[in-house]
Structure formats: structure tokens, C-alpha cells
Participant: 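Take this structure first; my questions come after.
Chain A is the first sequence line, chain B the second, and so forth, proteins listed ahead of strands; every chain is numbered from 1.
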Amino acid sequence: MTVQLLHYRAWQGAFRRPSWGVWPIARVALGSLLRRRLFWLLYAASLFLFLMFFFGGYLLDWAVTQVSQAPIKVGNVTLDTERLVRSMRQTLQVLSGNQDTFAYFFNFQGTMVMIVLALTGAVLVGNDFTFRSLPFYLSKPINRWHYILGKCLAVAVVVNLLTTLPALGLYMQHGMDEWEYFTNVAYFEESGMGRGPASWVLLLGVLGFGTILTVFLSVTLVAAASWMRRTMPLVMVWCAVFLFLHMVAVILVDGLRYNVHWRLLGLWNNLCLLGYACLGFDHETIWPAPQPSFLAAGITLGGVMLLCLTYLNQRTRAVEIVR
Amino acid sequence: MPDLLESTDPSRGDRALEGPLVRAPLSLVNGARIANKSESLEAKDSAAAELGPKTGPPVLFFDRVSRWYGPVIGVNGVTLELRSGITGLVGHNGSGKSTLMRLAAGHLRPDLGAVLVEGRQAWTAEAKRHVGYCPELDTYYEEMSGRRFIQCMARLSGFSRAEARSRGDEVLELVGMADRAQRPLAGYSKGMRQRIKLAQALIHDPKLLLLDEPLSGIDPIGRRESIQLFHKLAGRGKCLLISSHELEELEKLTDHVAIMAAGRIAAVGPLTQIRDLLDDHPLSIRVASDQNKVLATALLDCDDVVGLDRLPDDALLVRARNPRRFFQRLTELVISEHLEISHLESLDESTHDVLGYLLGGKS
Amino acid sequence: MFIDLQGISRFYGKHQALRDVSLRLEKGRVGLLGPNGAGKSTLLKILMGLLPPSSGTGTVLGHDLGGDGTLLRRSIGYLPEADGLVPGMRGADYVALAGELYGMPRKQALRRAHEVLTYLDLGEARYRRLEEYSTGMKQRLKLAQALVHDPPALFLDEPTGGLDPAGRRGMLELLLTLGREHGKAILLSTHLLGDIDKVCDAVIILHEGRVLCQGDVGTLCRRRQDRYRLQIQGEPNGFLEELRIEGVEILDDNGRGGFRVRVPAGWVTRAFFILADHHGVLVRGLEPDDEDLEELFHRVIEEHQG
């Protein structure tokens, strides 16, 4: 090593705008998450569901042809192939790539997302508070919204990796099977394979559902993780908000026949409701009926998000209360 | 385990063992050599040793103690005797200071040798009655108030509820926290935490106090108060072993230091004496007088002076080998040549410099 | 002009953390001193544009404090007191992240991160994970992330916290070099007066939210012609007794041969040597006892408290 190398050297160059700092923040948060084996384990688990949807169609198709060709005998009893084929075809409709497919997919995959987020929130966001990295970020020429945005972006990437991305995979798969799926909005009505729109309307629906999940979950997770910081308390809060409130809502509305607006307590239900709206469901066909209006669900979610953002605003202020 | 000093500077290793150091009231380099053998010399020698150990049975006695953590050695063949007064424990990170403290506190049992507190094995309950320990770490039951915490600690020390209350108030008063003890610990500043930590160590009025970094993080006002408090405790005949990285602060407390390096005690004793014994590092002395030329000429004739420089501000920088003889010679010169000295200062006599020299120029 | 504040106050609810703070400091190395709760961290936050003052105006390095502070913070490298490390990251990535947050393009930031880390002697630790860093390395890493964009000013909050003597000396020397040779303006907030003594020319003393004094350390400290510090080796009692008879006042005795004395008018220092020789003690140190930073600090605070 020469003396010259060890000498302090000046640096000159143009600085970028503060908003360029958002992505590095997200990248670093994701980096620390993707290094964990736990995440990949959970991701692999969540892919099982995707694979079921992906190959389920072929499997059932194959089964239907097999069954209709030869009657099945189990011992002395001959199974009613007619009925079997009919029920299989019904299931096949769910897997046909229509709005029901995506509704089911998002609904099931959502559960996985919730688990992953609860377990990874501490790594993505909470660590900054436990290890007191916040002064490190905030002393840089960015303001606190850039920081919050960066963190939300990281969560958003995780959510999309688990939901929108595989959903788009399914969409592509069905399109590759049947080109008309891509081009004809009335594909399902004409083919009798299911209901709802296809083509770009369905694509927009999928993207819409993904966006709603992304935006809401990223804001709430960042808020919850900066509040709770550690994994276990975060899991508990997460469960309380999404599971417990959901159960309360079900009991109140379905069990005790309270006003339908009590169902708004179930945040996950609200999210799905809005997602279904994107996928083009009629309000009346959404199960379990009755459901509150789309608008009410939207307002509830918006309110919760506003609450979270207010809290984040407080939390990331440079002020530490003087004792 | 190579000896640090011998490995870095082979020329001095032998001398350190056989030379004048053995006769001195301190052990350099070789931890197995028993310190403070010749008390008479020390007592006669300087007022500097006044706060250091005195004769009598040692409060804390390390007898050739070694302790490993798996394959890692924490302390290596340490022999140390402490009596009442303040002793500073200095050394770099990882030199074994905290291990030494924890051995003395009885948290660890030595793998080899024995640690005795008031003549008892340090890890026994009887010995622990005589030990107050302030760990470096700083984690509490955050929601407890300071007073409640202290009272709990008192109860643990075996005081009855009423005693715990009165003892608690007493020590809180002593550390200057009586007025703030009602608040929960979570809201305490680092300085207040240090004081609470000290209070819990004092609760059972121990003879031996082990304080690991008690001055870190305290503001200058609190620091001055703490130093006064330590002096007060030493005045009551307690034996304090204080580790600190802030050597200037430690110098205000005591000049009796134990210097640790690589798990060994490199030297124990009054700082000036340790310094004087490091005779391959001549002492740098800055002198300024009204007749610098005369002074310089005279000093060049002196055998002990190995170097002489003129500083930019016209003062002289003298490098002298045998400080005692040098200062004696200087005094004679001042008297005989009618010099008016305006400045006389040893430049590398601080704990920091001694530590640096002892550790082979590592600092 | 480094820092120029007029009448800055700051309230937290009813609690007033800063009262009418006015500062004028040229670019240089400035120490910020004050007991706990004096308002140091509030002042630092205001100076970095992280916290708007409740009243008053000011500029730091020519940037107005009224704005959102992003431009201001771009010209400051800040070393926080808390570790604030992102666990799992590698040293070089961490410093590069800081560079990116300061607004450097990613590749520039990475290149510069390696350069700064090498300069700070962390070359070999660059690829290690942050949780493996020792305290000394962490402090240098924190300095590296503050230097990555080559800012004109450095704000340092307890940069020597937790360092061992060698580490501390190294850090202070680095800061001194950066200030003196590379023209960085430095604001050093610490409890260790020795740090400020070593690095800084100027000092701000803050107490209960007020600035008690500001300016050059040399001019603030009082000169005292009639006082000396003596370092004696040997049994001092006889010597001291004789000094008293000669009219010398012993002001302080540290019990280890260190004394502070006030001498009568017309005293010659030779007298110390003659008396010492007479009583068989050695004079090992003799210095004019001008006020040092610590005394200045305590004097200023005591004067304020009345």
C-alpha cells in the first residue's frame, strides 16, 4: 500500500435528488430478508398452492377422460361415473382461469402472505428501530416520507412476489392454452367454461387485486412493525387485527345477525371485497352474503391506512421526547 | 501463548525479568511474579503511593490465576494483591480486564490458581458479601423505579424489608440519586444509570468494589461527582478496582494502576514508578528557562541525558534515561546557575503513554 | 461562516429545550459541551435541519434552517451516537448505502466507499458483516459513512464512545487531520473534555438550553500569572510547610504529589527547587496553572447557577 492510497481524497460529482434514496432503502431491507432461509422456506410453501392451481387443471382434465372412458369398480360397488364427472367438471371450472380462479387464488395465497409478512416484518422494518438505525437514515438528505416509502416498497415487493406474480403466471398459462383467452373478453360466456370476463379486463382485475393488497398491506405492516419491532409481538398484533377481528365480524353478522356493516371489522374481508370488485364480480354473488358495499369497504381500509400513516409520521419524527 | 512484550521487543524481555524491576515494588511483564513484595521501598519512596495498597492482608488476592473460554484465554497466570485504596485497571479491549473483574466478583471460577477475597474463595457466598460489583452492561428491569430496584437488590443481599428501605435510601443519598430515585429506570440518562449501578454495588457495604467502566457516558459534572465519591469511599478504607478507557479521568482518581495486556498483568504499581522503570524509553521532558543556552550546555554534560532538542517555541526537549537522577541534576543546576524555570513537564508520563510503551508501541 | 444562529428557541410541549440560542462560529473545529439535558441533541437536530426551531432564524454553512433541510444535510456528514448499523450488511455495502442516500450514483458510492474505508484503515474489514465489527471498527465505520460524500462539515456525536485508549487516540488524530489538513468543519459533541481539548479550537458550552459561552478556547480560558502546578516526588510535608511559611498558598493537593499553588508577588520559581532540595524531594513538574477547559466548564456553569 502506498502512502498516496491511504491519503484522504476529495470527491466531486453531481448529487441526485432525494427521491433516488427510496430504492436503496427498499433494496437493503429486501436484501436482509432474502438472506434468511426462513423466507425461502415460506416462499417455497406458498408456491405449492400456485403449483396446485397451475397443474390442477391438467390433472383434472386427465382424470375426467380416464373416468368417462371406463367405469370404476371399487370392490363390488360400481361408482356413478356420471356424477363423478359432473363434480369434476365443476371443480375444473374453478380452475379454468376465470374470475373465480383468481378470487380463490388470491384468497388462499393471501393467507400465506399474511403469515410471511408477520414473520418477516421485524426483519424488514422492525430492526431499524431495535438497532436504532433510524438516525442513520434520517440524518441523510432525505425526508422521512422517503424512508417510509422505501420501507413500503420493500414490503410491496414481498407481497407481489407472493400474489401478483404467480397470478400473472396463471393468467399466462391459460392464455397459452387457449389463445382466445387473451383476445376475447366474452371467452367464458361463449365457451361455457365459467363466468366473468377474460382478456384484458381480467388482467386489469388481477393487477387491481394485487395493487389493493400491496398498498394496504405495506402501509399497515410498516406501521405495525415500527410499533412492535420484534417478531413475536408483531405476529400477535397481526393475528389480532386480521384473525380475531375477522372472527368477531363473522360471529356478529353470520351468527347473531347484526347489521351487515359489522362485517367491515374484518379487514381481510374488506380487502377481498375490493379485489372481487376489480375481478368483476357482482356484489350479490359474493359469498358469504350479505356483504357491505364496496364503497364502505374502501372507506374502512382508507381510514385504517390514514391511521397507520399518521402513526408513522409521528414515529419517524426526529423528535425524541425529552425526559 | 507468546508473551506480548517479549515477542514485540526481545531485547527488553530478559531485562524485565532479571533487571532492576524484580527489586521494585511491582512486577513487570511476568504475571507470575508476585507484586508488591518490597513494601518498605514503596512506603519510603513517594507520596504517590499513598492511595495505593498498604501493608496488611490483601482484600483481593489473585494467585496465579488463569481462565479460558473454550480455546480462548481470558486471563493468563495473573498474580495480583490489592489492599484498600483505588487501583486503576487499564488495557486495550480484549486484554482480559472484564474477565479479571468477573473472576474477582466470583461470577467465574478460575481454571488454574485461586482468587481470594478477604481470604475466601471468590465464588463462595461468604466472599461475595464483601464484594460489590458494577458490571459494564446496562440492562435493567426498565419499568422499575430506581428506589424499588435498589430495595430489591438489598432484599437479595439478605436485608429485611425495613433495613432494605433504610439502606436503600442511604446509598441513594450517597450516590446523589435520592431526589431522582422515584422515576422509572427506563427514563434514566446514562449517568443516572451508572449511579444506580454503583448504588446497588454499595448496598451491602462491601469491602471490595469492582467497577467496570463506571465513568463512561457520564457528563462532566456527574463525572466530577463520581470521582469525589470514589475518593470518599477509598477514604473509608474500601478497596476499589476501577477499569476505564478514559485514562485522563482515571489519572484524576489514582496513579496506582494495573496494566493488562493479552490476559496478563504487565505491571502494577504507582504510575511514576512504572514509568521510571521503562528505561529503554527515555522520559521526554520539556524545560523552558530564562537562560536556555546555559541550561542546554549544562544538560549535555549530564550522563543521563540521551537527547536534546530545541522546540519551536525556544523551550528544550530533553530525553533522559534515569529520571530520578536527571531531576536531581536539574535541581542542582537551577540552584547553581541561578536559572529561572518557567516550564517543566514530563511529556510521556501519562497512563496513556506508559500503556503504549508497555504494549510495545501498539498505541 | 459555519454556524450563524439568531435567537433560536425550541419547545417540546411545555418543556423548553433551547432558550434564545445565538451562535456565530467560523468554519473550524468546534466542541459542543454540556451536561445531560442541556439541549445538545436538540441543537444538533436543529443544526441538521431535522427539527424546525420554535422561533428564531439561522444558517448553517450558508443554508437556511427554514427549508426542509435536505440540501443542508447533503453538506453534513453525521456520526450518530447510537450504533445504527443494519445487521447482516457488509461494511462496504453499508457505506455505499450511506453514499446513495446522500444522493451519489450507486457506482460512484461503491467506489468511494472502498476508498474511504481504506483511508480509515478498515480495508480488510470491508467485506465482513457488521455484527462482527468491534467497537473501534464500528466507530470508524460510522465515520466512513459520514465521509463517503466528502462533505464540507462533520457533525460528530460522541465519536470516541466505548473506544479503548489506542482507538480513542486514533480517532481523535483522524478528526484532527480531517479538520486541519482537509479543511472539514467539525462540530464535536461529547462528554469527554479531553476529546475537545485535543481536536477543537473553539467551544460552545450549553447549559439548560442556554449558550453560556462560545468562542476560541485559548481566549476563553483565563491566564493566571501567579499560579503554578507542581509535581513533587518524595515526602512533601516538610516542603509544603516551608512553602507556606514563604507565603505560598497551597490551593489543591491531589494526594499523589501534585499541587496547585498561588505564589506571592515577586516569586522566583528557583525558590521551589531550592526548598525542594532542602527537604530532599524532587520537582518533577512545574507549569503555569492557566485555566484549562475543564475548569472553564465548571466555572461557567457555576457562574450561571450563581
Participant: Pairing donors with acceptors under 3.5 angstrom, does anything connect the side chains of C/R270 and B/H338?
Facilitator: yes
Participant: Without hydrogens or angle criteria, can the side chains of C/R284 and C/Q231 be said to hold a donor-acceptor pair below 3.5 Å?
Facilitator: no
Participant: One pair to check against side-chain hydrogen bond (donor to acceptor under 3.5 Å, both in side chains): C/N36 and C/H191. What are the steps and the verdict?
Facilitator: CA-CA 9 Å; C/N36 287 329; C/H191 284 327; 3.1 Å; yes
Participant: If you count heavy-atom pairs within less than 4.5 Å of chain C, which of B/E248, B/M192, B/E340 leads?
Facilitator: B/E340
Participant: Going by distance alone, is a donor N or O of one side chain under 3.5 Å from an acceptor N or O of the other, for B/H245 and B/N93?
Facilitator: yes
Participant: Centroid separation under 6.0 Å, is that true for the rings of C/W267 and C/F272?
Facilitator: yes
Participant: Do the side chains of B/R324 and B/D304 get close enough for a salt bridge, i.e. N-O under 4.0 angstrom?
Facilitator: no
Participant: What's the separation between atom CG in B/D219 and atom CD1 in B/I221, rounded to the nearest 0.5 Å?
Facilitator: 5.5 Å
Participant: Should the pair C/R227-C/D290 be classified as a salt bridge under the 4.0 Å nitrogen-to-oxygen rule?
Facilitator: no
Participant: Measure distances from B/R286 to the heavy atoms of chain C and classify the residue's part below 4.5 Å as side chain, backbone, both or neither.
Facilitator: neither
Participant: Given heavy-atom pairs under 4.5 angstrom as the criterion, report whether the side chain, backbone, both or neither of B/D276 touches chain C.
Facilitator: side chain
Participant: If you count heavy-atom pairs under 4.5 Å with chain B, which of C/L193, C/L163, C/T135 comes out on top?
Facilitator: C/L163
Participant: So which part of B/E337 gets closer than 4.5 Å to some heavy atom of chain C, the side chain, the backbone, both or neither?
Facilitator: neither
Participant: Sort B/I218 into side chain, backbone, both or neither according to what part of it lies under 4.5 angstrom from a heavy atom of chain C.
Facilitator: backbone
Participant: Side chain, backbone, both or neither: which part of C/I301 has a heavy atom under 4.5 Å from chain B?
Facilitator: side chain
Participant: Under a 4.5 Å cutoff for heavy-atom pairs, which residue among B/V334, B/I335, B/T331 has the most contacts with chain C?
Facilitator: B/V334
Participant: Please answer whether the main-chain N or O of C/L206 pairs with a side-chain N or O of C/K40 as donor and acceptor at a distance below 3.5 Å.
Facilitator: no
Participant: Using non-hydrogen atoms only, which part of C/I274 is less than 4.5 Å away from chain B: side chain, backbone, both, or neither?
Facilitator: both
Participant: Using heavy-atom distances under 4.5 Å, tell me whether C/E173 contacts chain B through its side chain, its backbone, both, or neither.
Facilitator: neither
Participant: Pick from B/Q328, B/K190, B/R224: which one has the most heavy-atom pairs with chain C under 4.5 Å?
Facilitator: B/R224
Participant: Let me know if B/S289 has heavy atoms under 4.5 Å from chain C in its side chain, its backbone, both or neither.
Facilitator: neither
Participant: May I ask you to name which of C/L33, C/N237, C/D277 has the most heavy-atom pairs under 4.5 Å with chain B?
Facilitator: C/D277
Participant: In terms of heavy-atom pairs under 4.5 Å, which option from B/E249, B/E345, B/E213, B/E332 contacts chain C the most?
Facilitator: B/E345
